[in-house]
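These values consider heavy atoms only, across backbone and side chains, with no hydrogens, waters or symmetry-generated copies.
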Amino acid sequence: MAGSVRITGTGQLIELSRRLRAAGGPRLKANFARRIRRAGEPLHRDMQQTIRALPIRSEPRKSGSRGGRTSTSRPLRATIADAVRLSVRTGGNPGARIWVDRSSLPSDLRNMPWVMNSANGRIRHPVFGNKRRWVNQWTTPLWWNKTVDKHTPRMRAEVERVINDVRNSLT
């Protein structure tokens, strides 16, 4: 998984951004940013929902092992879903960006979104921090990419429509 995913129509957006600056219309620029954000919000919500519903499967217990489900004060999927952000830029590199804010994740989970999105979907970790006992868990591989791919055509069409509307209002 890349550090972030950006949906941009770079040439058209850059040209439009320059014209917005030249027109000097802060209201027009705010309207442009609001509509671009609105185009990215369904992907943002779906990304968070996908993470929260992501199945994580464990290996079966070995014979003689004890234990069961444990309660946690820090649920993994909810923590990662809360770190997904949507940002909109109208300046030099305009567009909408969906990304995982690593700084809002606990230090031991900073790489977990990339580990969970790996091609094999394997999460290898020590049992309750015991470095002598490790387990594997699996999740759906490439879930980030699949979610983005599902939304890309709709977002491109929406951003193109916004660009055309703003371009028409400038002329």
Are Phe128 and Val135 linked, directly or through intermediate hydrophobic residues, by side-chain heavy-atom contacts shorter than 4.5 Å (ILVMFWY only)? yes
Mind listing the closest non-hydrogen atom pair of Pro106 and Thr79 along with its distance? CD-CG2, 3.7 Å
Is a side-chain donor or acceptor of Arg85 paired with a backbone partner of Asp82 at a separation under 3.5 angstrom? yes
Starting from the C-alpha separation in whole Å, work towards a yes-or-no answer on side chain to side chain contact (heavy atoms under 4.5 Å, CB included) for His125 and Val115. CA-CA 11 Å; His125 63 91; Val115 170; over 6 Å; no
Heavy-atom nearest pair, Arg37 first then Leu86, reads NH1-O, 3.5 Å
Less than 4.5 Å apart, side chain to side chain, heavy atoms only: is that true for Arg35 and Asp165? yes
Heavy atoms only: give me the nearest Ala39-Met155 pair and the separation to one decimal. O-CG, 3.6 Å
Across all chains, not counting sequence neighbours, the side chain to side chain contact (heavy atoms under 4.5 Å, CB included) partners of Pro42 are Arg45, His151, Arg154
Do Met112 and Leu105 come close enough that some side-chain heavy atom pair is under 4.5 Å? no
Is a donor from one side chain sitting under 3.5 angstrom from an acceptor on the other, for Asn164 and Arg161? no
His44 to Val84 - nearest heavy-atom pair and separation: NE2-O, 3.0 Å
Can you check side chain to side chain contact (heavy atoms under 4.5 Å, CB included) on Arg102 and Asn111, steps first, answer last? CA-CA 8 Å; Arg102 289 177 56 154; Asn111 289 327; 3.4 Å; yes
Is the backbone of Trp143 close enough, under 3.5 Å, to the side chain of Asn117 for a donor and an acceptor to pair up by distance? yes
d(Ile36 CD1, Glu41 CD) to nearest 0.5 Å is 12.0 Å
Within the 4.5 Å heavy-atom criterion, are Leu54 and Ile80 side-chain neighbours or not? no
Kindly compute the distance separating CZ (Arg52) from OG1 (Thr50), expressed to the nearest 0.5 Å. 10.5 Å
So which heavy atom on Pro113 is nearest to which on Val100, and how close? CG-CG1, 3.8 Å
Any side-chain heavy-atom pair of Lys150 and Asp46 under 4.5 Å: yes
State, with a plain yes or no, whether a side-chain heavy atom of Lys146 is found less than 4.5 Å away from one of Thr140. yes
Shortest non-hydrogen contact from Ser104 toward Ala83: OG-CB, 3.2 Å
Suppose we screen for side chain to side chain contact (heavy atoms under 4.5 Å, CB included). Which residues come up paired with Ser87, at least two apart in sequence or across chains? Arg97, Trp99
Determine yes or no for a side-chain-to-main-chain donor-acceptor pair under 3.5 angstrom, with Gln48 supplying the side chain and Ala81 the backbone. yes
Considering only heavy atoms from C-beta outward, does the side chain of Val148 approach that of Met47 to under 4.5 Å? yes
Is any side-chain heavy atom of Trp138 closer than 4.5 Å to a side-chain heavy atom of Asn120? no
